[in-house]
Structures are given as C-alpha cells and as structure tokens.
Asker: 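Can you read through this structure? Questions will come right after.
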Number of protein chains: 2
Amino acid sequence: MPAKTDAAAEFYPDEPTGPILVKSNTKNVQEKESLGEIMDTKSVMFVCDYKKSIGNYLADVDGNVYLDVLQQIASIALGYNNPILKQVASSPDMVDALINRPASTRLPSNFYARAIKNILKGSPKDQDKVWICLSGSDANDNALKAAFMHYKSKQRGYDAAFTAEEMESVMSAKAPGNPDLAVLSFKGGFHGRTIGSISLTAARAYHKVDLPAFNWPKGEMPNLKYPLDKYEKENAEEEARALEKVEEIFKTWRCPIAAVVIEPILSEGGDVHASAKFYQGLRDITLKYGSLLIFDEVQTGFGATGKLWAHEHFNLTTPPDMVTFSKKAQAAGFFYHDAQMMPKDAARMHNTWCGDPARVLIAEGIVNTILEYGLVEKTKEVGEYLFPKLEKLAEKYPELMLNLRGKDRGTFIAWDLPDGDWRIKFFAAARSVGLNIGGGYLRTARLRPTLTFNKSHADVAVELLDKTFEILSKE
Amino acid sequence: MPAKTDAAAEFYPDEPTGPILVKSNTKNVQEKESLGEIMDTKSVMFVCDYKKSIGNYLADVDGNVYLDVLQQIASIALGYNNPILKQVASSPDMVDALINRPASTRLPSNFYARAIKNILKGSPKDQDKVWICLSGSDANDNALKAAFMHYKSKQRGYDAAFTAEEMESVMSAKAPGNPDLAVLSFKGGFHGRTIGSISLTAARAYHKVDLPAFNWPKGEMPNLKYPLDKYEKENAEEEARALEKVEEIFKTWRCPIAAVVIEPILSEGGDVHASAKFYQGLRDITLKYGSLLIFDEVQTGFGATGKLWAHEHFNLTTPPDMVTFSKKAQAAGFFYHDAQMMPKDAARMHNTWCGDPARVLIAEGIVNTILEYGLVEKTKEVGEYLFPKLEKLAEKYPELMLNLRGKDRGTFIAWDLPDGDWRIKFFAAARSVGLNIGGGYLRTARLRPTLTFNKSHADVAVELLDKTFEILSKE
C-alpha cells in the first residue's frame with residue numbers, strides 16, 4: 001500500500017519540534033518515593049505524565065519532554081496519545097472488554113472473531129491462525145508448550161490417546177508423562193522471563209542467576225564484522241561455522257530437540273544480525289531433524305525493520321512453524337498455520353483468560369492503522385534516510401560510535417559504545433540533551449522509535465546524538 | 001464495615017429474576033465456526049453477548065440468559081456491566097493507560113501510586129507491598145522467582161555480589177548459577193500453566209502431560225470426611241499424617257526447598273479443605289526449615305469465602321511471606337511485607353510491562369467497591385443463608401449430591417457428583433434449566449458466584465439445582 005502523507009503530522013499536529021528541558025526533578029523524586037512505599041522501585045528511571053506526552057515525545061511529571069527513541073522498550077507502535085487508539089479506547093466494545101472480561105477460549109465475546117481477523121491481516125505470510133497470550137514472555141512460554149505437545153503428538157499420532165503410564169508418571173514429574181525434551185536457542189537471545197522462557201534466554205547472566213533452569217542447548221550466533229560489505233568472505237565462513245555447531249548439537253544432545261527458537265535480530269542481546277542464508281540454513285537443519293522453527297518477533301515484529309515481520313527479509317523456502325509477538329501489538333501470542341499445532345484435546349492449551357480482549361481491541365486498532373497508513377513502507381524510507389546520517393556520525397566519532405548496524409532494516413538500528421561504562425555515560429549525556437534512548441547487551445545503544453518517527457524526527461535525533469557524542473568526546 | 005442495602009439491587013435494577021431460555025443455538029454455532037477459522041475453539045462452550053449480560057446473569061448470542069454461578073472461572077467480582085466499573089472504564093486515566101502503556105517498573109504513570117495504594121487497602125493483613133503481574137499463572141511464576149532469589153540471597157547475604165562462577169555457569173544452565181532448588185506444592189493443587197507454575201500444579205494429568213517439568217516434591221492434602229462435625233477425631237489424625245509426610249519430604253528431598261506453595265482451599269483440585277490447625281502446622285514446618293510460605297489466593301482471594309482472604313480464616317501466628325492473587329482482581333500479582341523479598345539489584349524481577357495499568361485501574365475500582373459496599377460481609381451472610389438450603393438438597397438427593405463442603409466459607413461451596421460421567425451430565429442438565437455452573441477435579445461441582453450474589457439469587461440457584469437433580473434422578 002502506498003504511504004499516505006506524513007502520519008505524525010496528521011496524528012500529532014501539536015507535537016513539539018524538539019525536546020523541552022525544564023531541568024527540574026522535584027516531582028520525580030517525590031513520586032518515586034511515594035511509589036517506593038508500596039513497590040520495588042529500583043528500576044524506576046522517572047515518573048511520566050503520559051497525558052501530556054505526544055507522538056514521539058515523552059513528558060515526565062516535572063515537565064521535561066524527551067524525544068523518545070526507546071518507546072517503552074520498543075512497545076509503542078504509533079506514538080503517545082494516538083487519536084485513532086483514543087477512539088478505540090472509548091468505544092463500547094472496549095468498555096465491554098474491560099468490565100466483562102471473559103474466559104476467552106471458553107465463553108468468547110461476540111466481537112472477538114472480528115478483532116482477531118483484523119489482527120491476522122498483519123500476520124506473517126502463510127500464518128493464518130493465532131493463539132492469544134498476555135505478554136512476550138507468556139507468548140514464548142505458550143509456544144514452548146505447543147511445541148512440546150506437538151512433538152509428542154507426532155510421535156504417538158495426533159489422534160492417539162495418552163497411555164496410563166504417561167498419565168500416572170506426570171504426577172511425580174517423571175517420564176514418559178513429563179518427557180526430557182529440549183529447545184535450542186542462542187547465546188545472546190532474549191525470550192522472556194517466565195521460568196520457562198527464561199530457560200531459553202541467554203542474554204545477560206543477571207536475568208537468570210539463582211533460578212533453577214532447564215538444561216537446554218544454546219547455539220552460537222555468527223559474530224559478524226562490520227561494515228558487512230567489507231567482510232563478506234569472513235562473515236560467510238563465520239555463519240557456516242555457527243550452523244555446523246548447531247547441527248553438531250542436534251547430533252549429540254542428550255534428548256530430542258523439539259524446536260529451535262530464535263529472533264530474526266537478537267535484540268536484547270545487542271542487535272546481533274545474521275544473513276538470510278544463515279536463517280535458511282537453520283530452517284534446513286530443523287526440517288532435517290524434525291524440529292520446529294519458532295521465530296520470536298516480540299521486539300522485531302510489526303514493522304520496525306521495514307518489513308511487517310523481520311523474518312520476511314530472509315525469504316525462507318518454508319515458513320516458520322510459529323511466530324511469537326507482543327510489544328508493538330500491545331497484545332501477545334503466536335501465529336501458526338498448522339491446525340495440529342494445537343493439541344487434539346480441549347483445555348490443554350488453556351488459561352482462565354488466555355489474553356485480554358481489551359488489548360486485542362487495541363491491537364486491532366494498531367494493525368489497522370499500520371496497514372492503512374502504510375507505516376511499514378514509511379519506516380523503511382525513514383531508515384534509508386537516517387542510516388547514512390548515522391554513518392557520517394560514526395565517521396565523526398570513530399572512537400565512540402562503533403559497529404553501526406541495521407542497514408536496510410528500517411529504523412531498527414544499533415551501534416556499540418566502547419564498553420559498558422561508556423554506555424552508561426552515553427545514556428546520561430543523551431538524557432541531558434533531551435533524548436530518551438536505551439540499549440542492549442553490554443555496550444550497545446539502539447533505536448526503537450515508533451512507526452510514525454519521520455524524517456524530521458530523524459533530523460532531531462541525529463542532532464541530539466551529535467550533541468551527546470560531543471559531550472562524551474570531552475570526557 | 002456494615003453492609004449497605006443490597007448491592008445487586010442498586011447496581012442492576014434491570015437484572016432478570018430468573019433465567020430466560022430461547023432454546024436456540026443458531027448464532028452460537030455460526031459464530032463458533034467463524035472463530036474456528038482463526039483460532040482453536042475446542043474449549044469454546046458458547047459465544048456471549050456481554051453487552052446484554054447483567055449482574056449475575058450471562059447472555060449468549062442467541063438470547064439465552066443464564067444465572068451464572070461460575071462467573072468466568074471465579075473471576076468476575078461484581079457482576080456483568082457493573083456501573084461503577086463502567087465509570088472507571090470511561091475515565092481519562094483509563095484511556096491514558098490503554099493507549100500509552102508504560103514499562104511500569106521503568107517509567108511508571110503518575111496515577112500508578114494512587115491506584116496501587118487503593119488496591120493495597122484490600123491486601124491481606126500485614127502485607128503492605130505488591131508486585132504486579134498479568135495473570136494468576138504469571139503471579140505464581142513470579143512468586144517462584146522471588147522465592148528462589150530470596151533463598152540464595154539469604155545464603156550469600158542480601159548485599160553480597162554474585163561470584164564469577166555463578167555468573168558463568170548460568171550461561172550453560174548449571175549450578176551454582178542455576179541452583180537445584182525445589183518448591184513444595186500439593187497433589188490436587190493448581191497454580192497455573194506457565195512452564196514454571198505448571199511444575200507446581202498437580203490437579204489433573206492432562207494439564208501437563210508431554211511437557212518437561214521440574215521434579216519438585218508434592219505433599220498430600222489431608223483427605224477429610226464429611227460432614228466435618230461427625231469425623232473430628234479421624235480428620236485430626238488424617239491432618240497430622242499429612243503434616244508428618246510434609247516434614248518427611250523436607251528431611252529427605254535431594255535439594256533445598258525454597259518455599260511451600262498452597263491454596264487455602266484447593267480449588268481446581270476439587271475444593272479440598274483443611275483446618276486452621278493443618279495450615280498452622282505447615283507454617284511451623286516452613287519456619288523450622290527456613291522455607292517461605294506462599295498462599296496462592298488466585299481463586300480464593302477478594303472475598304468469596306466470607307473473608308477478604310481465605311487464609312485469614314486460619315489466624316496464623318506468623319503471616320505468609322507472599323500471597324498471590326488474580327481472577328476477581330482482574331489484575332494479578334503477589335502481596336508481600338519484607339522489602340528483601342525483592343532482590344537488591346534493579347531489573348532482576350522485571351519485564352517490559354510487569355502488569356497492565358488498565359487492569360490495575362479496574363482492580364482499584366473493584367477493591368474500592370468491595371470495601372465500600374461491605375461485599376465480603378454480605379457474601380458471608382449469603383453463604384450462611386445458602387448452605388442449609390444446600391444441605392436440604394443433599395438430603396433430598398443423597399445418591400447424587402455428596403460431600404457438601406464450604407460451610408462458613410461464604411459462597412465458596414462445592415459438592416461431589418457420583419463420578420466424572422455424572423458430573424458431565426450434571427452440567428448439561430443445569431444448563432438446560434438455565435444455570436451456568438462449573439466444576440473442579442474429577443467429580444466436583446462448585447459455586448463461584450459474584451460478591452453481589454444475594455439471597456434472591458441463592459433462592460433461584462437452589463430452585464435450579466433442584467430441577468437439575470430432578471432431571472438427573474430420572475436418568
């Protein structure tokens with residue numbers, strides 16, 4: 001669909017043209033203290049006035065207004081106080097969903113089919129069904145369950161019944177009822193923080209230290225050298241090595257590997273990219289060994305990479321078996337295409353709520369807007385406009401801005417700072433000039449703006465980054 | 001607080017006085033088919049028109065209206081289309097929460113402290129802090145994580161740093177970073193369906209067959225005989241036996257037991273009750289062995305048992321360490337009182353969203369209403385009115401309605417059918433007379449009405465149950 005006129009201008013006529021810094025922190029301190037009486041606030045950065053935030057700009061309670069390229073850890077698709085979502089939020093269906101929350105897989109609402117069909121207009125190619133969950137962690141946790149059930153049902157036949165031994169052994173957590181099955185994920189991967197999904201996650205040690213974990217294998221992502229066009233041969237060899245290692249794990253792991261879970265760009269892990277060829281190789285291995293391929297698109301999904309789904313950059317010959325999503329959708333779940341990905345018996349994949357219809361309605365509004373306003377194509381264009389400017393910045397600050405990556409990936413762009421300490425200094429300096437920006441593993445800074453982030457926002461961002469590096473270069 | 005005039009009469013002046021059966025199913029069939037194109041509908045009973053549902057009565061899309069004593073698996077506190085919640089759902093804060101969803105432990109909203117402080121007005125005695133999650137499963141999964149982190153932080157000292165060995169071993173899912181720690185739960189217990197929480201769950205085999213599981217110990221609930229006043233001595237001996245078995249597990253389990261998780265009434269497990277003495281014994285064992293006590297009040301919490309929290313019936317000498325909640329709150333999380341239940345470092349207990357402020361606002365409205373209208377006391381009164389009527393029904397149908405339980409537990413009442421097949425017949429017959437009722441493990445039927453379910457509703461329910469058993473007795 002062709003991009004309409006600028007979406008931000010249409011949605012946010014009163015959006016500021018740059019940050020507004022009142023340099024006060026009084027209310028933030030007070031309100032954080034008040035929160036601290038009743039909840040853990042060690043992670044709180046500042047307290048926000050979302051009613052005064054607008055589009056790509058985030059307001060705190062003191063009146064500081066930041067250009068926000070982090071957007072609630074990549075989870076705001078359209079910007080703050082979007083007028084279309086405001087309408088959705090005030091609709092009769094929304095009031096219904098909020099005050100009459102159903103057990104949606106038991107007693108669904110009469111608007112549920114419509115809303116989900118609209119969400120599916122934005123699903124990955126070939127994925128025409130969805131299982132709704134509550135968060136990215138929950139989506140991955142549920143995808144794991146579906147994968148395990150699928151693996152065992154393939155073994156015994158989809159319509160076959162459980163054996164008495166299976167049913168009995170479950171109660172003491174033993175095989176065959178609770179089988180030893182594994183899922184392969186990757187070092188640097190982040191797949192959430194439920195006790196199940198965190199067994200996949202291997203981005204940072206502090207996420208999971210002290211927790212019992214399933215001993216599941218971790219592949220190694222290829223360690224690519226940048227800029228990519230300079231290191232084609234080395235990178236191809238590195239990817240072949242990483243794939244060999246994955247196949248070696250399949251051959252030697254102590255138990256069957258029911259699925260491979262991977263992000264199309266390892267996001268919390270520091271924006272680790274690999275080529276289409278690598279991902280095709282991985283798909284081939286899963287097919288060879290009868291394992292499922294699950295793309296975790298919780299962070300990459302819904303357009304930020306310049307395609308609706310990041311794995312569509314790879315043009316795989318066979319579609320993935322499941323694609324998990326959350327964040328920008330504001331709802332969560334996984335898309336799939338094989339009806340047998342759900343077990344034959346009712347109430348096995350099940351929860352009281354299985355998602356939240358209020359968030360399903362918001363997701364419907366977001367997907368409709370993304371498609372109607374051509375926001376994926378626009379994000380692609382903005383990325384093409386922005387990336388060369390960042391390349392210039394990287395040339396200007398060669399000691400500070402390293403390994404710029406995300407070319408041809410829309411605004412899903414990242415770079416490294418010299419180390420983790422520099423990264424912390426970088427965030428503080430950015431905030432001091434009015435830019436709210438976040439990072440990934442160890443020394444990465446990343447852009448995760450909305451899909452209404454346009455060329456003017458890009459210009460402001462580049463100007464603020466220039467100021468930020470200027471401050472750092474004087475340290 | 002004294003109970004005001006009848007809440008249902010005030011909230012729902014147009015509530016029907018009994019079920020309305022149009023005996024048509026056409027639209028239900030159509031809409032279920034439509035849903036089936038895009039999601040798994042094996043568990044769907046019927047499709048609802050929630051906008052036409054009112055108070056304690058649930059409308060389907062064909063126009064059938066049922067007296068609903070299941071209430072979305074015990075998760076509707078006040079009834080359908082509650083006018084106070086309608087106001088909350090249309091408030092400026094709600095629109096804000098829906099369209100500007102924050103990463104609430106990073107960049108909380110300026111209304112968050114107020115809303116949570118209001119929710120805490122309904123927290124269990126001595127529990128003055130809360131960690132917000134998304135569902136009951138998620139609350140238990142998070143409580144487990146907090147318990148494991150707490151256990152290890154007690155060992156190394158709250159302020160001590162991780163060792164290099166801990167941080168490295170985590171990446172290959174090995175000790176000491178990922179320690180072998182267990183949590184004790186009970187056979188018949190249900191604690192959710194994330195891969196973590198399902199390792200606690202031991203209610204029905206089909207919940208967890210085919211899934212890898214942590215091998216954690218399961219205690220046995222005392223198997224009490226009814227009516228309780230007839231079997232005092234036998235039941236006391238049975239409870240002593242169950243406690244001894246728990247202590248035996250603590251003495252012999254292969255690894256430390258960081259916590260005990262238990263429901264005050266095992267709900268999905270078939271409403272398994274035990275005495276205050278049993279629970280005090282359990283608390284004593286946890287204190288003796290340095291283990292935490294976590295009450296899972298996802299189903300029992302917020303008033304249905306005639307106290308705000310079911311475990312308050314036990315008058316424990318030491319409060320539990322955590323109390324998980326969800327369902328009737330529409331939000332979820334766990335209450336706690338020791339600030340060190342949260343790890344010393346930021347972002348360890350963490351997720352992008354950590355709950356949903358839209359649901360936090362609904363929870364605020366629900367808790368305010370429960371307290372203002374004295375709905376816990378009213379539910380206690382209704383239970384006292386209802387229970388003797390059910391006793392009479394059990395006398396009338398002694399072959400069909402067995403082991404009536406939940407005396408002095410408000411409307412949290414259950415009984416057994418002769419077996420699982422009879423239970424299925426019972427549900428179908430109940431629905432045919434206009435009663436929507438659900439069940440627990442194997443052969444249990446249970447009442448889980450709203451907190452506005454009053455004496456008139458109780459009369460209608462008894463009449464419909466009488467009709468239902470009448471139908472069954474002719475089979």
Side-chain angles (χ1 to χ4, degrees), chain A residues 34-35 38 40 42-43 45 47-51 61 72-73 75 80 85 89 95-96 98-100 102-103 105-110 113 116 120 129 134-135 141 148-149 152 162 166-167 170-171 173 177-178 181 193-196 202 205 208-213 215 342 346-348 351-352, chain B residues 34-35 38 40 42-43 45 47-51 61 72-73 75 80 85 89 95-96 98-100 102-103 105-110 113 116 120 129 134-135 141 148-149 152 162 166-167 170-171 173 177-178 181 193-196 202 205-206 208-213 215 342 346-347 351-352:
Chain A
S34 172
L35 263 174
I38 43 131
D40 187 71
K42 289 183 207 89
S43 306
M45 294 165 60
V47 181
C48 297
D49 188 336
Y50 289 103
K51 292 184 189 72
V61 285
Q72 312 302 325
I73 319 180
S75 71
Y80 298 111
L85 294 190
V95 173
D96 181 0
L98 284 168
I99 71 178
N100 304 316
T105 54
R106 286 288 168 113
L107 297 165
S109 301
N110 51 0
I116 289 185
L120 278 162
K129 296 175 186 66
L134 284 162
S135 67
D141 201 289
F148 292 132
M149 291 182 189
K152 292 300 288 183
F162 305 115
E166 283 175 330
M167 295 301 264
V170 157
M171 287 299 158
N178 293 127
L181 292 175
R193 301 221 197 186
T194 55
I195 287 183
K208 51 196 291 196
V209 64
D210 288 353
L211 303 179
N215 181 9
M342 288 287 147
R348 292 194 66 216
N351 284 100
T352 297
Chain B
S34 172
L35 264 174
I38 42 132
D40 188 70
K42 289 185 208 86
S43 306
M45 296 165 60
V47 181
C48 297
D49 189 337
Y50 289 103
K51 291 185 189 72
V61 285
Q72 312 302 325
I73 319 179
S75 70
Y80 298 111
L85 294 190
V95 173
D96 180 0
L98 284 169
I99 71 179
N100 304 316
T105 54
R106 287 288 168 111
L107 296 166
S109 300
N110 51 0
I116 289 185
L120 278 162
K129 296 174 185 66
L134 283 163
S135 67
D141 201 289
F148 292 131
M149 291 182 189
K152 294 299 289 183
F162 304 115
E166 283 175 329
M167 294 301 264
V170 157
M171 286 300 157
N178 292 128
L181 292 176
R193 300 221 198 187
T194 55
I195 288 184
Y206 75 80
K208 51 195 290 195
V209 64
D210 289 354
L211 303 179
N215 181 10
M342 289 287 147
N351 284 99
T352 297

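Just so we're clear, the structure is a prediction, and the values are computed from it rather than from any experiment. Quick note on labels: first sequence line is chain A, next is B, and so on, each numbered from 1.
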Asker: Contact between B:N351 and A:S135 at the side-chain level, heavy atoms closer than 4.5 Å - yes or no?
Answerer: no
Asker: Of the options B:I99, B:D96, B:N110, which is the one that meets A:Y50 in a side chain to side chain contact (heavy atoms under 4.5 Å, CB included)?
Answerer: B:D96
Asker: Could you tell me which of B:R193, B:M342, B:Q72, B:K129 has the largest number of non-hydrogen atom pairs under 4.5 Å with chain A?
Answerer: B:R193
Asker: Might you point out which heavy atoms bring A:A205 and B:M171 nearest each other, and give the distance in Å?
Answerer: N-CE, 3.3 Å
Asker: Is chain B contacted by the side chain of A:Y80, its backbone, both, or neither, given a heavy-atom distance below 4.5 Å?
Answerer: both
Asker: Heavy-atom distances under 4.5 Å only: say whether A:L181 touches chain B with side chain, backbone, both or neither.
Answerer: both
Asker: Between chain B and each of A:P108, A:S34, A:A346, count heavy-atom pairs under 4.5 Å; write down the option with the most.
Answerer: A:P108
Asker: Which residue out of A:V170, A:N215, A:V61 racks up the most heavy-atom pairs below 4.5 Å with chain B?
Answerer: A:V170
Asker: Out of curiosity, B:N178 CG to A:K208 NZ, how far, rounded to the nearest 0.5 Å?
Answerer: 6.0 Å
Asker: Look at A:M45, A:M149, A:R106 and state which one has the largest set of heavy-atom pairs under 4.5 Å with chain B.
Answerer: A:R106
Asker: Nearest 0.5 angstrom please: B:F148 CZ to A:D210 CG, how far?
Answerer: 10.5 Å
Asker: Please look at B:L120 and chain A and tell me whether the side chain, the backbone, both or neither of the residue comes under 4.5 angstrom of a heavy atom of that chain.
Answerer: side chain
Asker: Against chain A, work out which of B:P212, B:A202, B:A213 has the most heavy-atom pairs shorter than 4.5 Å and name it.
Answerer: B:P212
Asker: Considering only heavy atoms and a distance below 4.5 Å, find which of A:I73, A:L35, A:I38 pairs most often with chain B.
Answerer: A:I38
Asker: Under a 4.5 Å cutoff for heavy-atom pairs, which residue among B:A173, B:A347, B:G196 has the most contacts with chain A?
Answerer: B:A347
Asker: Of the listed residues (B:L134, B:V47, B:L107, B:L85), which shares the most heavy-atom pairs with chain A below a 4.5 Å separation?
Answerer: B:L107
Asker: Can you tell which of B:A89, B:S75, B:P102 has the highest number of heavy-atom pairs within less than 4.5 Å of chain A?
Answerer: B:P102
Asker: Side chain, backbone, both or neither: which part of B:T194 has a heavy atom under 4.5 Å from chain A?
Answerer: both
Asker: May I have the step-by-step check of side chain to side chain contact (heavy atoms under 4.5 Å, CB included) for A:R348 and B:V209, ending in yes or no?
Answerer: CA-CA 9 Å; A:R348 292 194 66 216; B:V209 64; 3.2 Å; yes
Asker: Can any side-chain N or O of B:D141 pair as donor or acceptor with the backbone N or O of A:I195 at less than 3.5 Å?
Answerer: yes
